[in-house]
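See below for the structure under consideration.
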Amino acid sequence: MTPETLFYAVAFPVLGVFLGLTYKGIDRRISARMTSRIGPPIRQPFWDVGKLLLKETVVPENAVKWLFNAMPILAFASSMTLLLYIPFGILKAPLEGYGDLIVILYLLTLQSLAMAVGGFSSGSPFSSVGAQREMVLMMSYEMPLAIVIIGFALLYKSFSLTTIASTPVWTMVSPVAALGVVLLFIALLVVTPAELAKLPFDIAEAETEIAEGMLAEYSGRNLALFYLSDAVRGFAMAAIEAVLFIPFTFSYVFGISLNGAMLYIVESLWFLLKVLIIYIAAVTIVRTSFGRFRIEQASRIFWVHVNLIALLGLALVWLGVR
């Protein structure tokens, strides 16, 4: 492990919290402006977390207390671990290795499972309904997400995200496979708001129907951990898509040769810009433009339409690499 990678392993999880909250603030600000509102300041998520950490943590009388308190920690830990598998700019991921994408899929699922189990353990009917909805939704969107991973495994003969990032996918595919990659990208963009529990797929946390659903009984430190986990996972999801589908470095795009510290700074800022563009496209614009779907509508969208797009993309990728 190089000194740069070691520094990344220590610093990036901390930086990931800052970036996750910052991107969440930018998302809220842009969404407000799209609907002709002023909106909160970008620093508002930081204030929200600080306020939650200062408030009392209340555990419901009928809750399974140890499970209720453990799930926020598990969700936050899984989101922080997820960051260690993502290359940042030209820096390799500290936990790079074989099977990265499989572990990433597991960690993404683990956070949703932690929220669902936390909802069931709270003893609240609102939380139980929200947890049931989350489980149904998970079974719907995990398949197209897995298909995207299989598609890249076919192309690279590897599940390593660092290996994939080192060779841009668009430089190694035939026209047929390139069309398949485009379809996989579209499928993953649709999955993103569902994976992050954002409109129009925030059915498990519908405030107007089930009072925040799985999070209805959470407060104080526990709710702050879920809040941080959501922010970090949002940044991580957009970063994964940037690595998979927009892997080109600043030096490659603009033909500029950089060295030393300037190389790392410029490439890091370029990477953050790509992540921001994907975040706005997949989350901000979508959640501002659509109303909440019903659970059966959301399931139908993923099981029928998104799965068909992803399977067609996978078939084209397979034909292109034969």
Side-chain angles (χ1 to χ4, degrees), residues 13 16-17 20-21 24-25 27-28 40 44-82 106-142 193-237 287 291-296 298-299:
V17 173
L21 292 175
K24 197 177 187 71
D27 164 56
R28 294 170 66 176
Q44 184 63 48
F46 294 90
W47 291 349
D48 293 341
V49 171
K51 182 176 66 175
L52 288 172
L53 290 173
L54 293 175
K55 287 186 174 292
E56 179 184 3
T57 300
V58 179
V59 179
E61 182 179 356
N62 296 325
V64 182
K65 292 181 173 55
W66 71 270
L67 201 57
F68 183 84
N69 289 321
M71 289 305 102
I73 299 173
L74 179 61
F76 181 64
S78 65
S79 295
M80 295 293 280
T81 305
L82 181 62
Y106 164 76
L107 291 172
L108 286 172
T109 305
L110 186 60
Q111 200 229 20
S112 298
L113 281 174
M115 293 183 67
V117 173
F120 281 125
S121 67
S122 68
S124 165
F126 290 126
S127 299
S128 296
V129 171
Q132 292 170 21
R133 291 183 176 186
E134 179 66 20
M135 297 299 292
V136 171
L137 201 57
M138 280 178 57
M139 290 186 289
S140 303
Y141 66 69
E142 290 297 340
E195 181 70 53
L196 302 178
K198 305 295 184 184
L199 276 169
F201 301 110
D202 64 336
I203 309 158
E205 302 171 22
E207 300 92 341
T208 55
E209 301 171 21
I210 50 176
E212 287 287 348
M214 298 176 291
L215 304 179
E217 298 298 331
Y218 278 98
S219 59
R221 184 200 65 236
N222 285 337
L223 186 56
L225 288 175
F226 272 133
Y227 191 96
L228 288 171
S229 175
D230 174 72
V232 171
R233 185 170 64 156
F235 171 78
M237 189 71 183
R287 77 178 187 84
R292 182 180 299 115
F293 292 136
R294 298 193 304 272
I295 186 65
E296 70 273 13
S299 296

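Worth knowing before you read on, the calculation uses all heavy atoms, side chains too, and leaves out hydrogens, waters and symmetry mates.
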Which residues pass the salt bridge (Lys or Arg N to Asp or Glu O under 4.0 Å) test with E134, not counting sequence neighbours? none
For the CG atom of L228 and the CG atom of L21, what is their distance to the nearest 0.5 Å? 5.5 Å
Report yes if some heavy atom in the side chain of S112 is under 4.5 Å from a heavy atom in the side chain of R233; otherwise report no. yes
Side-chain contact test, heavy atoms from C-beta onward, threshold under 4.5 Å: evaluate it for V232 versus L82 and give yes or no. no
Could you report the tightest heavy-atom contact between F235 and G20, atom names first, then the distance? CB-CA, 4.0 Å
Going by salt bridge (Lys or Arg N to Asp or Glu O under 4.0 Å), name the residues that satisfy it together with E296, two or more places apart in sequence or in a different chain. R294
Roughly how far, to the nearest 0.5 Å, is the OG atom of S299 from the CE atom of M139? 8.0 Å
Quick one: list whatever passes side-chain contact (heavy atoms from CB on, under 4.5 Å) with L53, sequence neighbours left out. V49, R221, A224
Walk me through whether D27 and K198 qualify under salt bridge (charged side-chain N to carboxylate O under 4.0 Å, His left out). CA-CA 11 Å; D27 164 56; K198 305 295 184 184; 5.3 Å; no
Residues R287, D202: salt bridge by 4.0 Å N-O rule: no
Can the ring centres of F76 and F226 be said to be less than 6.0 Å apart? no
Closest approach of V58 to P60 (non-hydrogen atoms, all atoms of both residues): O-CD, 3.9 Å
F201 vs L196, side chain to side chain contact (heavy atoms under 4.5 Å, CB included): CA-CA, chis, key distance, verdict: CA-CA 9 Å; F201 301 110; L196 302 178; over 6 Å; no
Between the main-chain N or O of F120 and the side-chain N or O of S127, is there a donor-acceptor pair closer than 3.5 Å? no
Let me confirm one number: the CZ-CG distance from F68 to N62, rounded to the nearest 0.5 Å. 11.5 Å
Can you find a pair of side-chain heavy atoms, one from I295 and one from Q132, that are under 4.5 Å apart? no
Distance col, row I73:CD1 vs L225:CG, nearest 0.5 angstrom, shows 6.5 Å
Please report the closest heavy-atom contact between L137 and A298, naming both atoms and the distance. CD1-CB, 3.8 Å
Would you say that more than 12 heavy atoms from the other residues, nucleotides or ligands in this model lie under 6.0 Å from the CE of M138, or not? yes
How would you list all residue pairs meeting side chain to side chain donor-acceptor pair (under 3.5 Å) that involve residues 44-55, not counting sequence neighbours? R28-D48, Q44-D48, D48-Y227
Sorted by first residue and then second, give each side chain to side chain donor-acceptor pair (under 3.5 Å) pair with at least one member in residues 72-82; sequence neighbours left out. S79-S229
Contact check, side chains of V17 and M80, non-hydrogen atoms, under 4.5 Å: yes
Under a 4.5 Å cut-off applied to non-hydrogen side-chain atoms, are P72 and Y218 in contact? yes
Quick check: do L113 and M135 have side-chain heavy atoms less than 4.5 Å from each other? yes
Going by salt bridge (Lys or Arg N to Asp or Glu O under 4.0 Å), name the pairs with one or both residues in residues 115-125, residues two or more places apart or in two chains. none
